[in-house]
Amino acid sequence: MKIVSTVVDLRDALRNSKSQSFVPTMGNLHAGHLSLIEQARMVGDCCVASIFVNPLQFGANEDFGSYPRTMDRDCELLEEKGCDLLFAPTIGDLYPEPQTFKLHPDPALADILEGEFRPGFFTGVATVVMKLFQCVFAHAAQPGHAFFGQKDFQQLLIVQRMVQQFALPITVHAVPTSRDFDGLALSSRNGYLSQEERREATALSQALELIRGAVLAGGGDLEGLCAKQIENLRTRGWQPDYLTVRRQADLQRPAQSDTDLVVLGAARLGRTRLIDNMLMNRGSA
Ligand code: PAF
């Protein structure tokens with residue numbers, strides 16, 4: 001695997017490839033990221049990953065400084081999985097001058113849920129993803145392929161909408177969430193959990209599963225179902241930000257007739273903030 005850190009070297013390394021598949025990450029790779037790489041390897045002639053902890057998407061009180069940086073191990077894992085090229089820029093490489101031009105996604109999609117609790121988060125994400133797409137795909141001879149995990153469902157929708165509205169020649173592939181043995185969604189932030197918290201952490205996916213089961217069994221009082229699980233998490237010592245059932249297409253509250261739904265949740269356990277979601281189709285119940 002070739003490793004480059006500058007945009008010039010990246011473009012040079014891509015000169016002879018016709019179609020790229022791309023997996024953007026912030027590193028500290030786990031099996032979820034590796035499943036994105038596996039999917040990416042199946043299309044295109046060059047599988048590119050990026051590792052960049054993007055300061056634009058962290059709030060002032062968030063974990064930018066302590067976000068786990070494990071470059072050597074990440075490189076080994078990418079190499080083992082058959083990734084061809086790693087783009088690992090420094091902040092100065094990707095933002096040689098302050099990034100004052102930013103991409104602001106539609107507030108109807110970006111200022112709710114994660115965006116409500118992490119103001120500016122999706123502006124940071126959309127800006128860096130657009131920039132990474134420019135770096136990786138700008139000179140591609142054929143349409144590109146980009147891979148995102150469904151675990152960050154709101155991020156995935158925003159990237160899909162961005163690609164669509166800017167007519168980018170990129171297919172966005174959504175890859176199902178990878179889970180640990182007890183259902184906990186894999187995340188780099190799981191590493192912050194103490195042993196005791198790790199045992200408790202499964203309660204979030206269990207809460208989402210209970211809501212999903214109740215909706216599929218015909219439960220119509222979505223707010224009531226979520227409120228019950230929020231209360232249950234609080235009793236167990238969590239600080240929930242939201243648990244809510246939304247439409248998959250636009251994350252708005254569903255009408256009776258909407259069938260493709262997603263239950264999303266975010267909650268803090270000690271100092272760790274976890275998010276998760278589960279898709280459902282109540283037409284098929
Ligand atoms: O999901 C992530 O790891 C990040 O938000 C991304 C897409 C790599 C942008 O920094």
Practice item. Search all heavy atoms of Pro68 against all heavy atoms of Tyr192 and return the closest pair with its distance. Key: CD-OH, 3.5 Å

Practice item. Apply salt bridge (charged side-chain N to carboxylate O under 4.0 Å, His left out) to Asp74 and list each qualifying residue two or more places apart in sequence or on a separate chain. Key: none

Point to revise | Rounded distance (nearest 0.5 Å) linking atom CD1 of Ile158 with atom CZ of Phe121 | key: 8.5 Å

Check your understanding: Looking at residues at least two apart in the chain, or sitting in another chain, which of them share a salt bridge (charged side-chain N to carboxylate O under 4.0 Å, His left out) with Glu200?
Key -> Arg236

Practice item. Could you give me the CA-CA distance, side-chain angles and deciding distance for Met280 and Val245, then say whether side chain to side chain contact (heavy atoms under 4.5 Å, CB included) is met? Key: CA-CA 10 Å; Met280 60 184 122; Val245 178; 4.2 Å; yes

**Study point:** Shared hydrophobic cluster for Leu36 and Val48 (ILVMFWY, side-chain gaps under 4.5 Å)
**Key:** no

Review point. So if you build clusters from Ile, Leu, Val, Met, Phe, Trp, Tyr with side-chain heavy-atom gaps below 4.5 Å, do Val4 and Val128 land together?
Key: yes

**Study point:** Chi angles and distances behind the side-chain hydrogen bond (donor to acceptor under 3.5 Å, both in side chains) call for Asp93, Thr90
**Key:** CA-CA 5 Å; Asp93 289 325; Thr90 63; 3.0 Å; yes

Exercise for review: Keeping the roles fixed (side chain from Asp221, backbone from Gly224), state whether a donor-acceptor pair exists under 3.5 Å.
Suggested key: yes

Exercise for review: Can you sort out the partners of Glu116 under salt bridge (charged side-chain N to carboxylate O under 4.0 Å, His left out), two or more places apart, ordered by chain and number?
Suggested key: none

Exercise for review: Using atom types as modelled and distance alone, determine if a side-chain donor or acceptor of Lys102 lies under 3.5 Å from a backbone N or O of Thr123.
Suggested key: no

Revision key, fill the gap. Taken to the nearest 0.5 Å, the spacing of Arg282 CZ from Asp260 CG works out to 10.0 Å

Exercise for review: Mark yes or no for whether Thr25, through its side chain, and Ser50, through its backbone, hold a donor-acceptor pair below 3.5 Å.
Suggested key: yes

Review point. Does Ala266 offer a backbone N or O that forms a donor-acceptor pair with the side chain of Glu114 under 3.5 Å?
Key: no

Check your understanding: Is Leu156 reachable from Val262 through a run of hydrophobic residues whose side-chain heavy atoms are each under 4.5 Å from the next?
Key -> yes

Only pairs under 3.5 Å count here: list side-chain donor-acceptor contacts from residues 79-89, not counting sequence neighbours, and write none if there are none.
from: Glu79; atom 1: OE2; to: Met1; atom 2: N; distance (Å): 2.9
from: Lys81; atom 1: NZ; to: Glu38; atom 2: OE2; distance (Å): 2.5
from: Asp84; atom 1: OD2; to: Cys47; atom 2: N; distance (Å): 2.7

Practice item. Quick one: closest heavy-atom pair of Asn190 and Ala185, and the distance? Key: ND2-O, 3.0 Å

Review point. Donor-acceptor pair, Gln252 side chain versus Pro254 backbone, under 3.5 Å?
Key: no

Point to revise | salt bridge (charged side-chain N to carboxylate O under 4.0 Å, His left out) partners for Asp258, two or more places apart | key: Arg247

Check your understanding: Can you find a pair of side-chain heavy atoms, one from Asp152 and one from Val125, that are under 4.5 Å apart?
Key -> no

Revision key, fill the gap. Salt bridge (Lys or Arg N to Asp or Glu O under 4.0 Å) pairs touching residues 59-71, sequence neighbours excluded, are Glu62-Arg118, Asp63-Arg189

Revision key, fill the gap. Taking every heavy atom of Ser21 against every heavy atom of Val43, the minimum-distance pair comes out as OG-O, 3.4 Å

**Study point:** Connected via hydrophobic side-chain network under 4.5 Å: Met130 and Leu14
**Key:** yes

Review point. Which atom pair, heavy atoms only, marks the closest approach of Phe137 to Gly144?
Key: CE2-CA, 3.6 Å

Check your understanding: Taking atom OG1 of Thr127 and atom CG of Leu132, what is their separation to the nearest 0.5 Å?
Key -> 11.0 Å

Point to revise | Test item: Thr244 side-chain N/O and Leu264 main-chain N/O as donor-acceptor pair under 3.5 Å | key: no

Review point. Thinking salt bridges, do Arg271 and Glu197 make one under a 4.0 Å N-O criterion?
Key: no

Practice item. Before accepting this row, confirm whether a basic side-chain N of the pair Glu196/Arg199 lies closer than 4.0 Å to the acidic partner's carboxylate O. Key: no

Revision key, fill the gap. CD1 (Ile112) and CZ (Arg246) are apart, to the nearest 0.5 Å, by 5.5 Å

**Study point:** Results of side chain to side chain contact (heavy atoms under 4.5 Å, CB included) for Glu97 - residues two or more places apart only
**Key:** none

Point to revise | Check: Lys151 main-chain N/O paired with Asn277 side-chain donor or acceptor under 3.5 Å | key: yes

Exercise for review: Please step through side chain to side chain contact (heavy atoms under 4.5 Å, CB included) for the pair Cys135 and Leu94, ending with a clear verdict.
Suggested key: CA-CA 9 Å; Cys135 297; Leu94 204 61; 4.2 Å; yes

Revision key, fill the gap. So SG of Cys226 and CG of Leu208: to nearest 0.5 Å the spacing works out to 8.5 Å

Practice item. Please list, chain by chain and in numerical order, all residues satisfying side chain to side chain contact (heavy atoms under 4.5 Å, CB included) with Asp180, sequence neighbours excluded. Key: Asp182, Leu184, Leu186, Arg198

Review point. Mind checking whether Phe133 and Val8 sit in one hydrophobic cluster, side chains of I, L, V, M, F, W, Y counted as touching below 4.5 Å?
Key: no

Tell me which donor-acceptor pairs under 3.5 Å the side chains of residues 52-60 have, and how far apart each pair is, sequence neighbours excluded?
from: Asn54; atom 1: OD1; to: Leu56; atom 2: N; distance (Å): 3.3
from: Asn54; atom 1: OD1; to: Tyr95; atom 2: OH; distance (Å): 2.7
from: Asn54; atom 1: ND2; to: Gln57; atom 2: OE1; distance (Å): 2.9
from: Asn54; atom 1: ND2; to: Gly124; atom 2: O; distance (Å): 3.1

Practice item. Kindly determine whether Val263 and Leu243 satisfy side chain to side chain contact (heavy atoms under 4.5 Å, CB included), including the steps that lead there. Key: CA-CA 7 Å; Val263 50; Leu243 257 68; 5.8 Å; no

Review point. Taking side chain as C-beta onward, heavy atoms only, is Arg73 less than 4.5 Å from Leu77?
Key: yes

**Study point:** Set of residues satisfying side chain to side chain contact (heavy atoms under 4.5 Å, CB included) with respect to Gln142, sequence neighbours excluded
**Key:** Lys18, Ser19

**Study point:** Residue pair Asn28, His30: steps toward the side chain to side chain contact (heavy atoms under 4.5 Å, CB included) verdict
**Key:** CA-CA 7 Å; Asn28 193 235; His30 51 64; 5.7 Å; no

Study note, to complete from the structure: Nearest heavy-atom approach of Ser188 to His33 is OG-CE1, 3.8 Å

Point to revise | Salt bridge flag under 4.0 Å for residues Lys2 and Asp9 | key: no

Exercise for review: Would you indicate whether the side-chain heavy atoms of Val7 and Lys131 approach each other to under 4.5 Å?
Suggested key: no

Check your understanding: Nearest heavy-atom pair of Leu225 and Gly219: which atoms, and what distance?
Key -> CD1-O, 4.2 Å

Can I get a per-line list of side-chain donor-acceptor pairs under 3.5 Å for residues 164-175, giving both atom names and the distance, sequence neighbours left out?
from: His173; atom 1: NE2; to: His145; atom 2: ND1; distance (Å): 2.8

Review point. In Å, rounded to the nearest 0.5 Å, how long is the span from OG of Ser17 to CG of Asp45?
Key: 4.5 Å

Practice item. Could you please spell out the steps behind the salt bridge (Lys or Arg N to Asp or Glu O under 4.0 Å) verdict for Arg212 and Glu209? Key: CA-CA 5 Å; Arg212 175 164 70 173; Glu209 192 62 72; 3.1 Å; yes

Practice item. For Leu157, enumerate each residue passing the side chain to side chain contact (heavy atoms under 4.5 Å, CB included) test, keeping only those at least two apart in sequence or located in another chain. Key: Leu109, Phe153, Gln160, Leu251

